[in-house]
Every structure is written in C-alpha cells, then in structure tokens.
**Student:** 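Can you keep this structure in mind? I'll have questions shortly.
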Amino acid sequence: MTASPDSVRIVEVGPRDGLQNEATVLPTEAKIVFLEKLAETGLREIELGSFVSPHWVPQLSDSAEVARRLPRREGIRYTALVPNERGMWRAIEAGVESVAVFTAATESFNRKNTNAGIEESFDRFRPVLELAAEHGIRVRGYVSTAFHCPFEGPVRAEEPVRVAERLFRLGVEEVSIGDTIGMATPPEVRALCETAASRLDFARLAFHFHDTRATGLVNVMTAMERGVRIFDAAAGGLGGCPYAPGAGGNLATEDLVYLLDGLGIESGVDLDRVVEASIWIEEAVRHPLPSKVYIATRASRTGAGLDRRRSRDLPSRRTGS
Ligand code: HMG
Ligand code: MG
C-alpha cells in the first residue's frame, strides 16, 4: 500500500469511448460543442475520436473534421485512437497531436475488435510509432480485456502486464489497462497491480474502468492504494465498446471527481462544469446518462427532475454489441 496521492490525472474518453457506442450518429458540430464544454472543466486530456475504419465504427467517421475544426487550448491535449498506419496518416493529416493504439490481453477480443491477433496488432503499431516519432506525436497504448474477456472468461494478471511491457518497449509513453466489460473486482485489481509492481512504471500507468457492475470507484480506490495516479473516465458515464458484448458505460467523470474531491485529492476538474457538459450531451444522444453523481447533481438544480422525466420518454439507446 502507498499513501493517498495529492493529485490524480483524469483522461476524458466520453467523446470517443462514449460516442462510439451510441445508436445516434451525432453531427460533427454537436461533437465539437461537447468537446468545447469538456475543455471548460479543467480536464487536461480529452479523446476527441478515432481514426478506425468507418465500416467498423461509423459513429466516429467524422473524427478528421472534428480534429480540424476543434479550437486548441493551452494545456489541453486531444488524443485520437488509431489502429494502423492508415489511421495514423489520417491523424497526421488532421493535425492530431496525440494518438492511442489499442490491443488486448486476449486473442479473441482483439480479433473481434480489430480483425487481428495480438501479435499482428504489434506489427501494425510499428509504423504508427515510427510516424509518431517523425511527426512529434505522443502515443498512448491500451490493453483491453485485462481482467475478463467476453469470449475467454477470466484473464490472468500476467497477460495484460506482458502486453503492457511490450507496448512500453515499443515506445508508447503511457499504457491504459482496460476493464472493457466492467467485471473486475478489487482483488483482481490488486493482483494486477502486484504483478505489475516490479515491471511497469506506475507513473505512466492508467486504469480504464467500465462501471457496468458498479465496481468502478472501488477499483479506482484499490488501484490508487497501489500507486496508480491516472484514470480514464467519461462524462455522465457514457460509453461501452461496440465489439465487447455486455460492455456498459465507462466510469463516469462526475463519480470519479466527486470521490476525489471527497478524499481531498486534486484533479483540477470542476464537477459542476462536467455536469454542464453531460446535460448537453444527454440531450444530444436522447437517452438518460447513468452516472449517479450526474443524476443527483442535475436533480438538485431547479426544474431538472422534470427535464429528466421528459428525456426518459425519448427513444432508448441500442443495447448489446
Ligand atoms: P479490417 O477489415 O481487417 O481492415 O479492419 P482492412 O485493412 O482489411 O480494411 C478494410 C476496410 O477498412 C478498407 O476499406 C480499408 O481501407 C478500411 P474498403 O476498401 O473496404 O472501403 N480501413 C480504414 N479506413 C479508415 N481508417 C483506417 C482504416 N483501416 C482500414 N484506419 C481495422 C481492421 C483495425 C481497420 C478495423 O478492425 C477497425 O477499424 N477496428 C476498430 C474497432 C474499434 O474502433 N473499436 C472500439 C475502440 S477499442 C475500445 O473501445 C476499448 C478501449 O476503450 C479500452 C477498453 O475499454 O478496454 C480503448
Ligand atoms: Mg473502453
């Protein structure tokens, strides 16, 4: 166990991990407004979209336009997912300053998600890393299905740690460990941290929890006690993964900020402003967002209870993968 941290860094993934899973494909302008609202919150890193195949994720097929039109702000890093060299060229042409490559701890999920095994995903990353170095672009890396896989079941901690080591060796700056389908519990998070302790640099290690089974915050606490200081989250608890059956929303940014505020841990993020961004995106996606802190904060505003009841009557989101 380590002492509580003074500060934690939050990586906002709502505009990417959230919107990639929506039945409604939002207009580019709506995505930009959402990103601009998030930029007002104090968040320092925000995923703006992805340069994956538009056949696979049509929801984010306009990410180049989003990246081109989004005004840049001092101190905020915008990151986009890229799966291969083709995606990297699109990111470069769109002027993106930070990208994230993604692979998994399990073969089956990686095949479903990217039509490639883990080994082949590393073959795809090599040119991405070379281009990144040439163009001065920062690279983050994801290891999905780090605890449980929708196709292979429970995952041994050794698997994601080994994949994360490989990503660091390849030259990524930071690795995010993903509980893609939100099944991890504290003993599993502890086991992963213990396996990683002597092998991974915790200053460059993030956790990406999905709150599908309401274990997001307790998993954050467990990882923080082990020295992790970077967490991914999505405004309102938007999200999921279209290629992971049963993947529910991401850990909500509001829930995480509320916890950190209560613990006296600095995140630099203003809870009320995140709620503002969520109110706006909730109207745009036309279904209620799941974050408890979001719901409670919103309901405490005058007339908000009425608004929520009305938005519940709107067409519901797609379910499953
Ligand atoms: P593939 O079908 O094997 O690729 O897909 P391909 O090379 O055979 O190309 C097929 C078509 O896609 C071709 O177009 C290519 O040009 C095009 P066509 O000739 O048929 O019209 N294509 C592209 N177009 C635009 N940009 C590109 C690109 N690459 C190929 N970059 C591929 C392989 C990786 C492209 C595909 O599987 C894919 O796009 N997968 C992405 C799936 C995805 O985005 N999943 C969600 C993100 S991961 C996640 O959510 C987990 C995470 O949040 C962490 C966690 O929760 O654990 C990060
Ligand atoms: Mg995710």
Side-chain angles (χ1 to χ4, degrees), residues 11-22 47-65 67 79-94 96 99-106 109-118 120-125 127-128 131 139-151 155 159-160 163-164 167 172 174-184 192 206-212 216 219 230-234 237-253 321:
V11 178
E12 170 63 44
V13 298
R16 191 278 305 171
D17 206 351
L19 299 187
Q20 75 183 11
N21 205 41
E22 288 296 330
E47 284 191 347
L48 61 76
S50 66
F51 293 95
V52 302
S53 165
H55 307 302
W56 286 62
V57 184
Q59 293 90 333
L60 301 182
S61 61
D62 61 348
S63 290
E65 200 187 338
T79 299
L81 254 63
V82 302
N84 54 15
E85 185 175 352
R86 170 90 195 278
M88 188 61 181
W89 276 115
R90 291 177 59 212
I92 292 166
E93 281 155 21
V96 166
V99 297
V101 293
F102 53 104
T103 184
T106 61
F109 175 75
N110 209 49
R111 285 190 189 284
K112 285 271 196 266
N113 197 35
T114 64
N115 202 20
I118 298 169
E120 193 184 343
S121 64
F122 276 87
D123 295 339
R124 290 174 177 178
F125 297 160
V128 170
L131 284 167
V139 185
R140 193 173 203 241
Y142 278 104
V143 184
S144 288
T145 55
F147 301 94
H148 291 262
C149 173
F151 312 106
V155 178
E159 309 299 333
V163 177
L167 282 168
V172 312
E174 180 174 302
V175 170
S176 179
I177 302 283
D179 179 24
T180 314
I181 53 172
M183 284 190 82
L192 199 149
F207 274 76
H208 176 110
F209 292 120
H210 284 249
D211 203 27
T212 318
N219 287 339
I230 311 166
F231 295 97
D232 300 351
L238 276 168
C241 173
Y243 293 99
N250 286 79
L251 171 65
T253 312
S321 63

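Both counts, for ligands and for their atoms, begin at 1 and track the order of listing. For the numbers below, each heavy atom of this structure counts, side chains included, while hydrogens, waters and symmetry mates do not.
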**Student:** Test your reading of the structure: does Y142 have an N or O sitting under 3.5 Å from an N or O of ligand 1?
**Tutor:**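 So ligand 1 has no N or O lying under 3.5 Å from an N or O of Y142.
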**Student:** Is R140 salt-bridged to D232, going by a charged N under 4.0 Å from an acidic O?
**Tutor:**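 Salt bridge flag = yes for D232 with R140.
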**Student:** Specify side chain, backbone, both or neither for D17, according to which of its non-hydrogen atoms lie closer than 4.0 Å to ligand 1.
**Tutor:** side chain
**Student:** Applying a heavy-atom cut-off of 4.0 Å, say which part of D179 lies close to ligand 1: side chain, backbone, both or neither.
**Tutor:** neither
**Student:** Return the set of residues passing salt bridge (charged side-chain N to carboxylate O under 4.0 Å, His left out) with R90 (not counting sequence neighbours), or none when no residue passes.
**Tutor:** none
**Student:** Relative to the heavy atoms of L81, which atoms of ligand 1 are at a distance of less than 4.0 Å?
**Tutor:** 47 (C)
**Student:** Taking atom 14 (O) of ligand 1 as the point of reference, which of H55, R140, E47 owns the nearest heavy atom?
**Tutor:** H55
**Student:** List the atom of G18, the atom of L238, and the distance in Å for their closest heavy-atom pair.
**Tutor:** CA-CB, 3.7 Å
**Student:** Of R111, R86, M88, which has the heavy atom at the shortest distance from atom 24 (N) of ligand 1?
**Tutor:** R86
**Student:** Report, in ascending order of atom number, the atoms of ligand 1 lying under 4.0 Å from any heavy atom of N113.
**Tutor:**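 In order of numbering, the contacting atoms are 37 (O), 40 (N), 41 (C), 42 (C), 43 (C), 45 (N), 46 (C), 48 (S).
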**Student:** Would you say F51 and ligand 1 have an N/O pair spaced under 3.5 Å apart?
**Tutor:** yes
**Student:** Under 4.0 Å from a heavy atom of F102: give me the atoms of ligand 1 that qualify, with their elements.
**Tutor:** 48 (S)
**Student:** Measure from the side-chain N and O atoms of D17 to the backbone N and O of G239, and report whether any donor-acceptor pair falls under 3.5 Å.
**Tutor:** no
**Student:** Find all atoms of ligand 1 within a distance of less than 4.0 Å from any non-hydrogen atom belonging to T114, and give their numbers and elements.
**Tutor:** 33 (C), 34 (C), 37 (O)
**Student:** How wide is the angle at the Mg ion (ligand 2) between OD2 of D17 and NE2 of H210, to the nearest 10°?
**Tutor:**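 OD2 of D17, the Mg ion (ligand 2) and NE2 of H210 span an angle of about 100°.
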**Student:** Tell me if a side-chain donor or acceptor on D179 pairs with a main-chain N or O of A184 at a distance below 3.5 Å.
**Tutor:** yes
**Student:** Suppose I only count heavy atoms of V57 and a 4.0 Å limit; which atoms of ligand 1 are within that range?
**Tutor:**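 Near V57, meaning under 4.0 Å from one of its heavy atoms, ligand 1 has 43 (C), 44 (O).
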**Student:** Which ligand 1 atoms does G87 reach within 4.0 Å, using its non-hydrogen atoms?
**Tutor:** 31 (N)
**Student:** Within the structure provided, determine whether L60 and L19 are in side-chain contact (heavy-atom separation under 4.5 Å).
**Tutor:**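 In short, these two side chains touch, coming nearer than 4.5 Å.
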**Student:** If you define the side chain from C-beta out and look only at heavy atoms, does anything of T145 sit under 4.5 Å from P150?
**Tutor:** yes
**Student:** For the residue pair H208 and Y142, does the interplanar ring angle fall in the parallel (under 30°), tilted (30 to 60°) or perpendicular (over 60°) class?
**Tutor:** perpendicular
**Student:** Under 4.0 Å from a heavy atom of P54: which atoms of ligand 1 are those, numbered in the order shown and with their elements?
**Tutor:**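 Under 4.0 Å from P54, ligand 1 has these atoms: 24 (N), 25 (C).
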**Student:** Which residues satisfy the ring-ring contact (aromatic ring centres under 6.0 Å, His included) test with F51, sequence neighbours excluded?
**Tutor:**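 ring-ring contact (aromatic ring centres under 6.0 Å, His included) list for F51, sorted by chain: empty.
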**Student:** Pick one of side chain, backbone, both or neither for how P83 approaches ligand 1, counting any non-hydrogen atom pair under 4.0 Å.
**Tutor:** side chain
**Student:** Number the atoms of ligand 1 from 1 as they appear, then name those within less than 4.0 Å of a heavy atom of N84, with their elements.
**Tutor:**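 Matching atoms, with element in brackets: 27 (C), 28 (C), 29 (N), 30 (C), 31 (N), 35 (C).
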**Student:** Between the side chains of T106 and E159, is a donor N or O closer than 3.5 angstrom to an acceptor N or O?
**Tutor:**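 E159 and T106 do not have a side-chain donor-acceptor pair below 3.5 Å.
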